[in-house]
**Q** 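Here's a structure for you.
If you're wondering where the values come from, they're calculated on a predicted model, not measured in any experiment. All chains are named by letter (A, B, ...) in the order of the sequence lines, taking the proteins before the strands, and each is independently numbered beginning at 1.
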Protein chains: 2
Amino acid sequence: MRYKAGLQTRDRIIEATRGLIAETGLEGTTIKAICERAGVLPGSFYNLFDSKEQAVLTVVRDAIDAVDPDPRHQGPDSLADLVDAYVQFVTEQSELARVYIGIAVSGSRGHPELRGRVIRHHEGRVARFAGAISAEHPEMSADDAGRRAETLVTALNGIALHRVLDPDFDVATHARSLLTDILTLA
Amino acid sequence: MRYKAGLQTRDRIIEATRGLIAETGLEGTTIKAICERAGVLPGSFYNLFDSKEQAVLTVVRDAIDAVDPDPRHQGPDSLADLVDAYVQFVTEQSELARVYIGIAVSGSRGHPELRGRVIRHHEGRVARFAGAISAEHPEMSADDAGRRAETLVTALNGIALHRVLDPDFDVATHARSLLTDILTLA
DNA sequence: CTCAAATTAGAGTGAAGACTCAAATACTGA
DNA sequence: TCAGTATTTGAGTCTTCACTCTAATTTGAG
């Protein structure tokens with residue numbers, strides 16, 4: 001992979017793999033299908049990847065990262081921004097969202113590394129949401145903020161899950177309702 | 001399947017299939033694996049089922065039904081009861097919960113019947129939750145109750161999803177928090 | 001008890017899967 | 001330009017899958 005032809009081919013293979021995982025799941029993601037979609041022959045595939053698994057894991061890792069595009073950014077996000085970012089991810093990158101949810105359920109089996117990665121990622125997101133909640137509701141205890149953050153993030157994943165099932169599901173509206181409900185104080 | 005030996009064998013096959021789907025996903029659910037786990041040979045399997053798919057679909061339909069064990073019961077459920085029932089399902093029948101969530105994501109592809117079934121089932125659940133909310137909060141508009149019910153059910157599925165990832169996740173606590181938050185009026 | 005039907009045994013089939021390899025071709029640094 | 005490496009080709013291997021088939025065994029109604 002030193003010539004640009006190789007890099008381009010690699011990109012096409014990754015793209016084809018991502019599309020197939022999103023559209024047909026791991027079941028339909030065969031070497032044959034990947035190669036056809038990428039316009040490549042098996043030999044080329046194996047010149048660039050050690051195994052099918054390697055290509056799949058690359059796609060999955062990208063999907064996990066895409067959920068939260070800027071994890072290092074420590075700035076003071078508003079809660080609404082965080083929620084909107086997730087809504088945008090779920091609706092605009094629905095392929096990756098599908099991969100993310102799918103892998104969270106089934107793909108983590110046999111891949112403890114992925115499971116750990118998803119869980120750690122989730123914890124990071126909860127922390128960020130908790131920070132935003134605390135900032136906007138200084139009167140709330142840290143414990144309470146953390147609990148609400150965890151509930152909120154988990155529930156948002158539920159919304160994403162449902163959207164995978166029903167493409168017409170109104171993600172934005174429900175996400176905002178959720179936010180309002182969870183932060184309405186008695 | 002007229003002799004009791006056949007019925008027992010059928011039960012063992014279904015049980016084995018359910019366990020395999022939950023533990024290894026559809027990927028690891030092969031005829032060989034099912035037969036080994038059930039203590040049966042392929043010939044017996046195909047004497048009782050037309051195809052592997054038939055056995056899998058049987059398990060999946062059971063899982064969907066188990067989410068809401070008594071859908072006809074029109075009595076005045078309390079919201080807390082409904083939530084508790086789901087918590088109980090998720091924690092005590094985690095195998096079926098895994099199957100349900102897994103199928104919601106990937107298994108519905110290529111099986112429009114299943115997708116429709118899951119969505120209809122979801123709508124039924126939302127209606128039931130909405131009824132309970134309205135009963136407990138007569139001052140709330142029907143629209144508002146419906147919206148909150150949809151958010152609640154979807155968020156509960158998110159909790160179930162997370163529990164599939166992390167067996168230590170405290171489903172009961174989060175489900176109750178969610179209920180409180182969503183029904184706290186400004 | 002008996003016999004037809006149900007069930008089980010277990011080797012075998014064809015298709016499809018992931019992956020390999022040696023030869024041909026394309027690319028690029030020197 | 002050209003030598004050497006990267007890339008592509010495409011037929012081929014080996015494994016596993018779902019599923020079949022025939023013969024043997026078990027069941028239970030009459």
**Q** In the structure shown, which nucleotide is the Watson-Crick or G-U wobble counterpart of D:dG30, with both distances under 3.5 Å?
**A**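 Partner of D:dG30: C:dC1.
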**Q** Given atom CZ of A:Phe49 and atom P of C:dA18, what is their separation to the nearest angstrom?
**A**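 Computing the A:Phe49:CZ to C:dA18:P distance gives 15 Å.
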**Q** Closer to the 5' end of DNA chain C via nearest nucleotide, is it B:Thr9 or A:Thr30?
**A**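 The answer here is B:Thr9.
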**Q** What is the distance, rounded to the nearest whole Å, between atom CD1 of B:Ile34 and atom P of D:dC17?
**A**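 For the pair B:Ile34 CD1 and D:dC17 P, the rounded distance is 11 Å.
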**Q** Measure from the side chain of A:Lys4, starting at C-beta and using heavy atoms only, and say which of C:dT28, D:dT20, D:dG28 lies closest.
**A**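 Nucleotide nearest to A:Lys4's side chain: C:dT28.
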**Q** Rounded to whole angstrom units, what separation is found between the CG atom of A:Asn47 and the C1' atom of C:dA23?
**A**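 My rounded result for the distance is 14 Å.
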**Q** What I want to check is whether the side chains of B:Tyr100 and B:Asn157 have a donor and an acceptor closer together than 3.5 Å.
**A**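 B:Asn157 and B:Tyr100 do not have a side-chain donor-acceptor pair below 3.5 Å.
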**Q** Any link between A:Leu7 and A:Ile13 through a network of hydrophobic side chains (Ile, Leu, Val, Met, Phe, Trp, Tyr) touching at under 4.5 Å?
**A**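 Looking at the clustering, A:Ile13 is in the same group as A:Leu7.
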**Q** Check every atom of D:dC17, D:dT20, C:dT20 against the side chain of B:Pro42 and return the nucleotide holding the closest atom.
**A**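 Given the options D:dC17, D:dT20, C:dT20, the side chain of B:Pro42 is closest to D:dT20.
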**Q** Under 4.0 Å, heavy atom to any atom of DNA chain D: which of residues 11-21 of chain B qualify?
**A**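 Of all residues in residues 11-21 of chain B, none places a heavy atom under 4.0 Å from DNA chain D.
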**Q** Please report, rounded to the nearest Å, how far the P atom of C:dT20 is from the CG atom of A:Asp50.
**A**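 Taking atom P of C:dT20 as the reference, CG of A:Asp50 is at 9 Å.
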**Q** Side chain of A:Tyr3 only, heavy atoms from C-beta on: which candidate in D:dT9, D:dG4, D:dC19 is closest?
**A**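 Out of D:dT9, D:dG4, D:dC19, the nucleotide with an atom closest to A:Tyr3's side chain is D:dG4.
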**Q** May I ask you to test the B:Arg37-B:Thr17 pair for a side-chain heavy-atom distance under 4.5 Å?
**A**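 SC-SC contact between B:Arg37 and B:Thr17 ruled out.
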**Q** Could you check how far CZ of A:Phe45 sits from P of D:dT9, rounded to whole Å?
**A**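 Computing the A:Phe45:CZ to D:dT9:P distance gives 15 Å.
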**Q** Check this for me: does any side-chain nitrogen of one of A:Asp166 and B:Arg115 sit under 4.0 Å from a carboxylate oxygen of the other?
**A**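 No, this pair does not count.
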**Q** Between B:Asp181 and A:Arg147, is the closest basic N to carboxylate O distance under 4.0 Å?
**A**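 So A:Arg147 pairs with B:Asp181 through a salt bridge.
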**Q** For the side chain of A:Leu48, counting heavy atoms from C-beta on, which of D:dT8, C:dG17, C:dC19 is nearest?
**A**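 Of the candidates, D:dT8 comes closest.
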**Q** Just the rounded figure in Å: distance from C1' of C:dG12 to CG of B:Leu41.
**A**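 Value for this atom pair: 14 Å.
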**Q** Nearest-Å distance, NZ (B:Lys32) to P (D:dT20)?
**A**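 One finds 19 Å between P of D:dT20 and NZ of B:Lys32, rounded.
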**Q** Looking at every strand, decide which applies to A:Ile31 at a 4.0 Å heavy-atom threshold: base, sugar-phosphate, or nothing.
**A**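 Answer is sugar-phosphate: A:Ile31 comes under 4.0 Å of backbone atoms only.
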**Q** Reckon A:Ser44 touches a base, only the sugar-phosphate, or nothing at all at heavy-atom distances under 4.0 Å?
**A**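 Answer is base: heavy atoms of A:Ser44 come under 4.0 Å of a base.
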**Q** By the 4.0 Å heavy-atom rule, please label B:Gly6 as base, sugar-phosphate, or nothing.
**A**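 It contacts sugar-phosphate atoms only.
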**Q** Hydrogens and angles aside, do A:Asp170 and A:Thr173 bring a side-chain donor and acceptor to less than 3.5 Å of each other?
**A**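 A:Thr173 and A:Asp170 do have a side-chain donor-acceptor pair below 3.5 Å.
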**Q** Name the residue from A:Glu123, A:His122, A:Arg148 that meets the side chain to side chain contact (heavy atoms under 4.5 Å, CB included) definition with A:Val153.
**A**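 Answer to the side chain to side chain contact (heavy atoms under 4.5 Å, CB included) test with A:Val153 among A:Glu123, A:His122, A:Arg148: A:His122.
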**Q** Mind calculating the distance between OH (B:Tyr46) and P (C:dA9) to the nearest angstrom?
**A**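 Those two atoms, OH and P, are 16 Å apart.
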